[in-house]
Amino acid sequence: MTASTRRFMITAAAAAATAPLLLRAGPAAAQAASGYPSRPVRLIVPFPPGQAADIFARLMADELSKRWPQRVVVENRSGGAGALGMEAGARAAPDGYTLLVGTSGTLGVNPSVMPHLPYDAERDFAAITNIFTLPLVLVAHPGTGPEDLRGMLARAREKPGALNYASAGPGTAQHMAMEMLAHRAGVRMTHVPYRGSGPAMADLIAGNVPLMMDSLASALPQVQAGRARALAVTSRARAPQLPAVTTVAEAGLEGYEALGWSGLVAPAATPPEILARINADAVAILRDPAVSARMLELGGFPAPGTPEEFGGFIRGEIAKWRQVAREANVRLEG
């Protein structure tokens with residue numbers, strides 16, 4: 001079977017799955033979905049360029065632009081741990097021409113630690129599909145950071161609060177994964193937040209901060225180049241991209257797991273027939289073998305699904321991080 005044949009079969013299967021939704025919505029809705037999009041679509045990424053959410057959003061935007069008669073344009077709107085971009089998306093017209101990348105930080109962690117968010121993670125957005133999941137990775141400066149996770153924990157216990165670690169910002173998945181690690185290990189470290197993982201990684205490479213929790217996708221090139229040392233990954237199993245790097249659980253914190261993820265969402269009142277059309281095309285892309293291979297190469301694992309599945313996943317993540325926030329006593333103003 002050729003690659004083009006596989007792509008045709010995947011697209012056909014996705015269309016067949018979506019057809020009943022459109023028929024139930026009525027002929028007018030089906031016609032509106034068939035004509036979508038008739039102008040460029042904006043995809044808001046609530047973080048700076050270079051982070052995992054941005055990397056995979058651009059991949060999805062490129063692939064959707066190939067399938068649709070209009071371009072999908074990525075718009076980076078960072079700030080407030082992703083809150084500014086999410087607020088802009090929540091207030092956008094619910095017509096299918098503004099989509100957002102919702103992440104483990106903006107839709108999982110933020111509602112758990114920020115009491116004054118300018119958006120409601122469960123009411124303001126309609127789930128479309130998850131795009132990917134990926135492990136986070138704890139990295140250290142090769143010269144000044146600890147050699148491994150056990151050494152890091154020993155240093156933290158010796159001088160509580162003296163060991164600094166960087167993250168992509170307060171309330172991000174990277175921050176909360178590190179807080180969960182510290183709480184379960186019974187150590188205290190000092191959080192040094194940055195506005196995005198790019199500036200944080202630059203300071204780690206320069207030796208200005210010894211540790212950082214980052215997504216595998218954005219940290220992998222630095223680890224492969226020897227500019228950062230990987231101490232542990234946060235998934236239950238080792239990452240195939242870094243098979244020699246142990247998991248946090250293997251290093252002594254049994255049961256520990258923290259994953260990053262990003263998915264497509266839209267303003268809450270977006271017509272269901274439009275959501276179904278986007279879901280069908282996005283799922284077909286994520287199941288394309290060439291796209292899957294590229295995502296794995298970048299450090300992510302494709303995670304296509306239905307809007308209902310993604311909505312349930314988001315609710316589960318909110319509950320999980322609320323428990324972590326209570327355990328670690330994390331509360332942020334935002």
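One-based numbering along the sequence shown.
- The backbone N or O of Ala258 sits less than 3.5 Å from a side-chain atom of Thr234, completing a donor-acceptor pair.
- Nearest approach of Ala251 to Leu149, heavy atoms of both residues: CB-CD2, 3.4 Å.
- The environment of Arg157 atom CZ is dense: over 12 non-hydrogen atoms of other residues, nucleotides or ligands sit within 6.0 angstrom.
- Nearest heavy-atom pair across Ser218 and Ala52 is CB-N, 4.5 Å.
- Under the 4.5 Å side-chain heavy-atom criterion for ILVMFWY residues, a single connected hydrophobic cluster contains both Met180 and Met178.
- You'll find the side chain of Met176 reaches within 4.5 Å of the side chain of Val109, heavy atoms only.
- The shortest side-chain heavy-atom distance between Gln51 and Thr103 does not fall under the 4.5 Å cut-off.
- Annotation: Arg227, atom CZ; neighbour count of heavy atoms from other residues, nucleotides and ligands within 6.0 Å is above 12.
- Between Tyr119 and Phe125, the two ring planes are perpendicular [angle over 60°; tilted spans 30° to 60°].
- Between Val41 and Pro37, the shortest heavy-atom distance links the atoms CG2-CB, 3.7 Å.
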Starting from the C-alpha separation in whole Å, work towards a yes-or-no answer on side chain to side chain contact (heavy atoms under 4.5 Å, CB included) for Met189 and Met152. CA-CA 10 Å; Met189 293 178 284; Met152 183 204 82; 4.1 Å; yes

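- Between Tyr165 and His191, the ring-plane angle classifies as parallel under the 30° and 60° cut-offs.
- Both Phe56 and Val74 are members of a single hydrophobic cluster when ILVMFWY side chains are connected at heavy-atom separations under 4.5 Å.
- Formation of a donor-acceptor pair under 3.5 Å by the Gln70 side chain with backbone atoms of Ser38 is found in this model.
- Counting heavy atoms from C-beta outward, Leu181 and Leu153 have side chains that approach closer than 4.5 Å.
- Cation-pi geometry between Arg39 and Tyr97 is satisfied (NZ or CZ under 6.0 Å from the ring centre, within 45° of the ring normal).
- Remark: the backbone N or O of Trp68 is not paired with any side-chain donor or acceptor of Tyr36 at under 3.5 angstrom.
- In this structure, the separation between CE on Met295 and OG1 on Thr133 is 9.0 Å, given to the nearest 0.5 Å.
- Taking the six-membered ring for Trp and the full ring otherwise, the centers of Phe301 and Phe132 sit at least 6.0 Å from each other.
- Note that CZ of Arg91 and CE of Met86 are 13.5 Å apart. Values are rounded to the nearest 0.5 Å.
- Thr190 places a side-chain N or O within 3.5 Å of a backbone atom of Gly161 that can act as its donor or acceptor partner.
- Screening Thr270, Ile128, Leu275 for a side-chain contact (heavy atoms from CB on, under 4.5 Å) involving Leu99 leaves a single residue, Ile128.
- Using a 4.5 Å heavy-atom cutoff, the side chains of Pro146 and Leu211 are in contact.
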Evaluate the criterion salt bridge (charged side-chain N to carboxylate O under 4.0 Å, His left out) for residue pair Arg67 and Glu63; output intermediate values, then yes/no. CA-CA 7 Å; Arg67 291 173 177 267; Glu63 293 297 326; 5.5 Å; no

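- Annotation for Ile285 and Val291: closest pair O-CB, 3.3 Å, computed over non-hydrogen atoms.
- No donor-acceptor pair under 3.5 Å is formed between the side chain of Gln174 and the backbone N or O of Asp214.
- Both Trp321 and Val330 are part of a single hydrophobic cluster, where members link through side-chain heavy atoms under 4.5 Å apart.
- One hydrophobic cluster, built from ILVMFWY side chains closer than 4.5 Å, cannot hold both Leu298 and Leu296; they sit in different ones.
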For Leu107 and Val265: C-alpha separation, side-chain torsions, deciding distance, then whether side chain to side chain contact (heavy atoms under 4.5 Å, CB included) applies. CA-CA 10 Å; Leu107 295 182; Val265 299; 4.0 Å; yes

Apply the test side chain to side chain contact (heavy atoms under 4.5 Å, CB included) to residues Val139 and Gln222: give CA-CA distance (whole Å), side-chain angles for both, the deciding distance (0.1 Å), then the verdict. CA-CA 10 Å; Val139 296; Gln222 309 304 332; over 6 Å; no

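- For the pair Glu250 (side chain) and Thr247 (backbone), a donor-acceptor distance under 3.5 Å is present.
- Here Lys66 does not pair with Asp281 in a salt bridge; the nearest charged N to carboxylate O distance is not below 4.0 Å.
- Within the 4.5 Å cutoff, the side chain of Ser78 has heavy atoms near those of the Arg195 side chain.
- Of all heavy-atom pairs spanning Ser104 and Glu317, the tightest one is CB-OE1, 4.5 Å.
- A distance of 13.0 Å separates CD in Glu87 from CG in Asp120, rounded to the nearest 0.5 Å.
- Salt-bridge check for Arg229 with Glu147: passed, with a basic side-chain N closer than 4.0 Å to an acidic carboxylate O.
- Between the side chains of Asn110 and Thr106, no donor-acceptor pair of N or O atoms lies under 3.5 Å.
- Between Ser167 and Met213, the closest side-chain pair of non-hydrogen atoms is not below 4.5 Å.
- Using a cutoff of 4.0 Å between basic side-chain nitrogens and carboxylate oxygens, Glu75 and Arg77 are scored as salt-bridged.
- Checking side-chain atoms of Thr129 against main-chain N and O of Gly305 turns up a donor-acceptor pair under 3.5 Å.
- Across Val101 and Leu43, no two heavy atoms sit closer than the pair CG2-CD1, 3.9 Å.
- For the atom pair CZ (Arg184) and CD (Glu179), the distance works out to 12.5 Å, reported to the nearest 0.5 Å.
- Distance check, rounded to the nearest 0.5 Å: CG of Leu286 to CG of Leu59 gives 8.5 Å.
- Residues Trp261 and Ile314 have side chains in contact (heavy-atom distance under 4.5 Å, counting atoms from C-beta outward).
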Does Asp62 form a salt bridge (charged side-chain N to carboxylate O under 4.0 Å, His left out) with Arg58? I'd like the steps, not just the answer. CA-CA 6 Å; Asp62 288 345; Arg58 292 179 184 277; over 6 Å; no

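- Looking at Leu216 and Leu242, their side chains come closer than 4.5 Å, going by heavy atoms from C-beta outward.
- In this structure, CD1 on Ile55 lies 10.0 Å from OG on Ser262, to the nearest 0.5 angstrom.
- Looking at Asn76, its side chain does come within 3.5 Å of a backbone N or O of Phe47 through a donor-acceptor pair.
- Side chain of Thr98 to main chain of Ala92: no donor-acceptor pair is present (N/O by atom type, distance under 3.5 Å, no hydrogens or angles).
- Linking Ile, Leu, Val, Met, Phe, Trp and Tyr residues whenever their side-chain heavy atoms come within less than 4.5 Å places Leu253 and Leu163 in a single cluster.
- Within the 3.5 Å criterion, the main-chain N or O of Arg238 finds no donor-acceptor partner in the side chain of Ser235.
- Between Arg277 and Glu273 there is no salt bridge, since none of the side-chain N atoms of the basic residue sits less than 4.0 Å from a carboxylate O of the acidic one.
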